[in-house]
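Below is one structure, written out as structure tokens; comments come after it.
Numbers restart at 1 for each chain; the letters A, B, ... are given by sequence-line order, proteins then strands.
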Amino acid sequence: MSLDNKKVKEIAYLARLNIEDSEIEQSTAELNNILKLMDKLGEIDTGEAQPMAHPLKMSQRLREDNVTEEDLSEEFQAIAPKTGKGHFLVPTVIE
Amino acid sequence: MHNLTIAEQIKGLRNKDFSSLELTQHYLNRINDSELNAFISVTSNQALSQAKEADKKIANGKSSSLTGIPYAHKDIFCTKGVKTTAGSKMLDSFISPYDATLTNKLNAENMVMLGKTNMDEFAMGSSNENSYFGPVQNPWDTEKVPGGSSGGSAAAVAARISPFATGTDTGGSIRQPASLCGITGLKPTYGRISRYGMIAYASSLDQAGPLTRTAEDAAIVLNAMAGFDTNDSTSANKSVPDYTQCLKNSVNGLKIGLPKEYFSDGLDKGVEKVVMQSIKEYESMGAKVQEVSLPNTIHAIPAYYIVAPCECSSNLSRFDGVKYGYRCEDPRDLNDLYLRSRSEGFGDEVKRRIMIGTYALSAGYYDAYYLKAQKVRQLISEDFKKAFKDVDVIMSPVSPSAAFDLGSVKDPVSMYLADIYTLSVNLAGLPGMSIPAGFSDNLPVGLQLIGNHWSEELLLNTAHQFQMRTDWHNYSPADR
């Protein structure tokens with residue numbers, strides 16, 4: 001599968017990344033080169049192999065539904081780019 | 001002092017040959033004189049106060065074996081009060097509000113953290129050239145790469161500016177730099193060491209481990225690093241043996257498998273020669289060598305470079321410029337804030353992998369890429385299962401060549417292809433090691449040891465026996 005510049009821009013937007021017009025040719029070429037390598041997956045006969053999501057076949061552990069976290073909101077907000085009145089601030093979304 | 005192993009330093013501290021403060025100051029001086037760029041942050045003041053604290057504990061008889069031993073922490077492990085960058089502009093000024101479990105465990109031993117080591121951005125890379133803080137130099141030849149992604153950690157141990165460094169290994173990031181820098185590196189079984197507070201790259205593959213000079217030192221520090229952690233849902237609830245107890249076992253009768261697919265075209269002749277000489281050394285110790293086959297080896301590259309980017313595209317979506325990390329100047333609106341914060345905060349390789357992952361997971365492509373890659377992963381895992389019916393340990397090269405020139409590999413695909421001997425181990429969740437095995441053109445070459453799940457004791461024992469018979473692990477770039 002080969003990507004064109006338009007598709008690469010779409011993927012970048014899905015990932016919330018900007019690609020400058022001056023860089024698009026190179027990005028598309030690089031991604032297509034990588035995808036050529038990935039497309040070799042299609043040639044492999046995987047037969048009845050089950051998809052392997054976890055290397056040890058462990059099942060997800062559940063814990064008791066207890067409160068374990070302390071309120072660290074002040075510490076967490078101290079490292080945020082912008083906060084106010086206990087909230088994380090971003091540009092206005094709704095007028 | 002810097003030529004002593006950790007085992008020797010522990011004795012030195014106990015016998016009062018030197019204090020932790022003296023040892024720590026000595027390493028800090030060496031770091032200060034080093035131009036390798038192995039550290040992103042050097043935490044001198046904290047280190048000196050930790051050393052004084054350790055000396056008190058030792059004097060009061062309240063110490064554990066690692067108390068007062070200095071170490072370097074890969075800058076991917078969260079450290080409360082000390083910045084944790086993951087080698088990225090995105091986290092250039094990030095100070096974690098909490099400690100990683102591994103940080104806690106090493107603190108509990110009263111070990112002394114010298115600083116945080118340089119690395120490829122978010123652990124994505126095999127040369128340490130993808131760091132926002134600049135590349136690390138290989139101490140054996142400063143024109144060469146140290147390997148990656150734990151390049152700063154490997155260079156620091158090799159240059160004797162830290163006796164031990166932590167690392168993480170998602171596709172070879174402990175073993176490959178250990179090989180290229182001529183030191184010992186262990187990637188334990190998936191789930192052996194907690195991932196809590198270790199900044200995620202590809203969660204089903206990431207595993208922490210030690211970089212040390214010797215296998216004995218790796219065993220000593222693994223005792224402190226390993227263990228179950230309720231904060232990591234993939235941590236294995238399995239007891240931790242004393243890894244130093246098994247080191248003396250004989251390797252007489254040990255069955256070693258050589259995967260024929262790992263000795264094919266593309267392997268540098270000098271590297272092959274060193275690896276085969278090491279195998280002969282094992283034979284002379286009574287080990288039995290046979291050929292094994294891992295037929296899906298070649299498929300590990302596309303499988304890994306789908307699974308890892310898919311997981312990274314999901315993991316790294318958390319960096320949005322809102323709660324922590326880099327935020328762009330004067331965002332016009334929320335979308336602009338996301339787009340520019342991420343575009344300005346991430347480097348090229350990270351963006352590339354996020355894009356590949358985003359594409360592979362996007363509507364209509366899931367079956368062809370991610371699902372298919374997971375099936376291939378199963379086949380790779382089954383290859384190992386079959387091989388371990390016949391042999392105890394698999395041995396191979398770590399990397400197709402010794403350290404290459406800084407700036408010489410510009411094409412991402414060529415860099416990916418060089419990971420061929422390390423990726424399968426992560427896909428199968430197995431433990432693997434690199435130990436110093438010799439030199440090719442004056443550059444160190446590592447031997448890879450691969451074991452079955454939870455066979456860290458056997459790997460450390462097998463490595464230690466080699467190091468009792470050879471002295472490659474004692475060579476130091478400082479002696480050049």
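Heavy-atom distances place the backbone of B:Ala428, and not its side chain, under 4.5 Å from chain A. The contact between A:Phe76 and chain B is made by backbone and side chain atoms together, counting heavy-atom distances below 4.5 Å. Only the side chain of A:Glu30 comes within contact range of chain B, with heavy atoms under 4.5 Å apart. With a 4.5 Å cut-off on non-hydrogen atoms, B:Ile380 does not touch chain A at all. Neither the backbone nor the side chain of B:Ser313 has a heavy atom closer than 4.5 Å to any heavy atom of chain A. Residue B:Asp367: no heavy atom, backbone or side chain, is found under 4.5 Å from chain A. Neither the backbone nor the side chain of B:Ser317 comes within contact range of chain A; no heavy atom of the residue lies under 4.5 Å from a heavy atom of that chain. Only the backbone of A:Leu89 comes within less than 4.5 Å of a heavy atom of chain B; no side-chain atom from C-beta onward does. With a threshold of 4.5 angstrom between heavy atoms, B:Leu337 approaches chain A through side-chain atoms but not through N, CA, C or O.
Annotation: side chain of A:Pro81 is not in contact with side chain of B:Val322 (no heavy-atom distance under 4.5 Å). Put simply, the side chain of A:Met52 does not reach to within 4.5 Å of the side chain of B:Glu382, judged on heavy atoms. Here the side chains of A:Ile79 and B:Phe94 are in contact, with some heavy-atom distance below 4.5 Å. Residues A:Leu72 and B:Tyr98 are not in side-chain contact: their nearest non-hydrogen atoms beyond the backbone lie 4.5 Å or more apart. Residues A:Thr92 and B:Asp333 have side chains not in contact (no heavy-atom distance under 4.5 Å, counting atoms from C-beta outward). Contact of the B:Lys375 side chain with the A:Gln50 side chain is not registered, since no non-hydrogen atoms from C-beta on lie closer than 4.5 Å. Looking at A:Arg63 and B:Thr230, their side chains never come closer than 4.5 Å, going by heavy atoms from C-beta outward. Residues B:Tyr370 and A:Leu41 have side chains not in contact (no heavy-atom distance under 4.5 Å, counting atoms from C-beta outward).
Contact record, A:Ala53 with B:Arg377: O-NH1, 3.8 Å, taken as the closest heavy-atom pair. Taking both residues in full, the closest heavy atoms of B:Leu379 and A:Asp45 are given as CD1-O, 4.0 Å, listed atom of the first, atom of the second, then distance. Minimum interatomic distance between B:Tyr190 and A:Leu56 (heavy atoms only, all atoms of both residues): O-CD1, 3.0 Å.
Within a 6.0 Å radius of CG in A:Asn66, other residues, nucleotides and ligands contribute more than 12 heavy atoms. More than 12 heavy-atom neighbours from other residues, nucleotides or ligands sit within 6.0 angstrom of NZ on B:Lys83. Annotation: B:Lys89, atom NZ; neighbour count of heavy atoms from other residues, nucleotides and ligands within 6.0 Å is above 12. Within a 6.0 Å sphere centred on CD of A:Glu23, heavy atoms belonging to other residues, nucleotides or ligands number more than 12.
Most heavy-atom pairs under 4.5 Å with chain A, from the set B:Pro302, B:Gly191, B:Ala360: that is B:Pro302. Contact count versus chain A (heavy atoms, under 4.5 Å) is highest, among B:Leu417, B:Asp411, B:Ile354, B:Asn335, for B:Asn335. Among A:Gln77, A:Glu43, A:Arg61, A:Lys82, the residue with the largest count of heavy-atom pairs under 4.5 Å with chain B is A:Arg61.
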Worked check of side-chain contact (heavy atoms from CB on, under 4.5 Å) between A:Leu31 and B:Arg352 | CA-CA 7 Å; A:Leu31 289 180; B:Arg352 213 172 278 135; 4.1 Å; yes
Residues A:Lys36, B:Val413; criterion side-chain contact (heavy atoms from CB on, under 4.5 Å); working and verdict | CA-CA 10 Å; A:Lys36 219 184 284 170; B:Val413 169; over 6 Å; no
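Here the CE-OH distance, from A:Met38 to B:Tyr305, works out to 8.0 Å after rounding to the nearest 0.5 Å. Distance NE2/A:His54 to CD/B:Gln374: 12.0 Å, rounded to 0.5 Å.
B:Lys372 contributes a side-chain N or O that, together with a main-chain N or O of A:Ile44, makes up a donor-acceptor pair within less than 3.5 Å. No donor-acceptor pair under 3.5 Å is formed between the side chain of B:Gln378 and the backbone N or O of A:Ala49.
Listed by sequence position, A:Lys7, A:Val8, A:Ile11, A:Ala12, A:Tyr13, A:Leu14, A:Ala15, A:Arg16, A:Leu17, A:Asn18 are the residues of residues 4-18 of chain A in contact with chain B, using a 4.5 angstrom heavy-atom cutoff.
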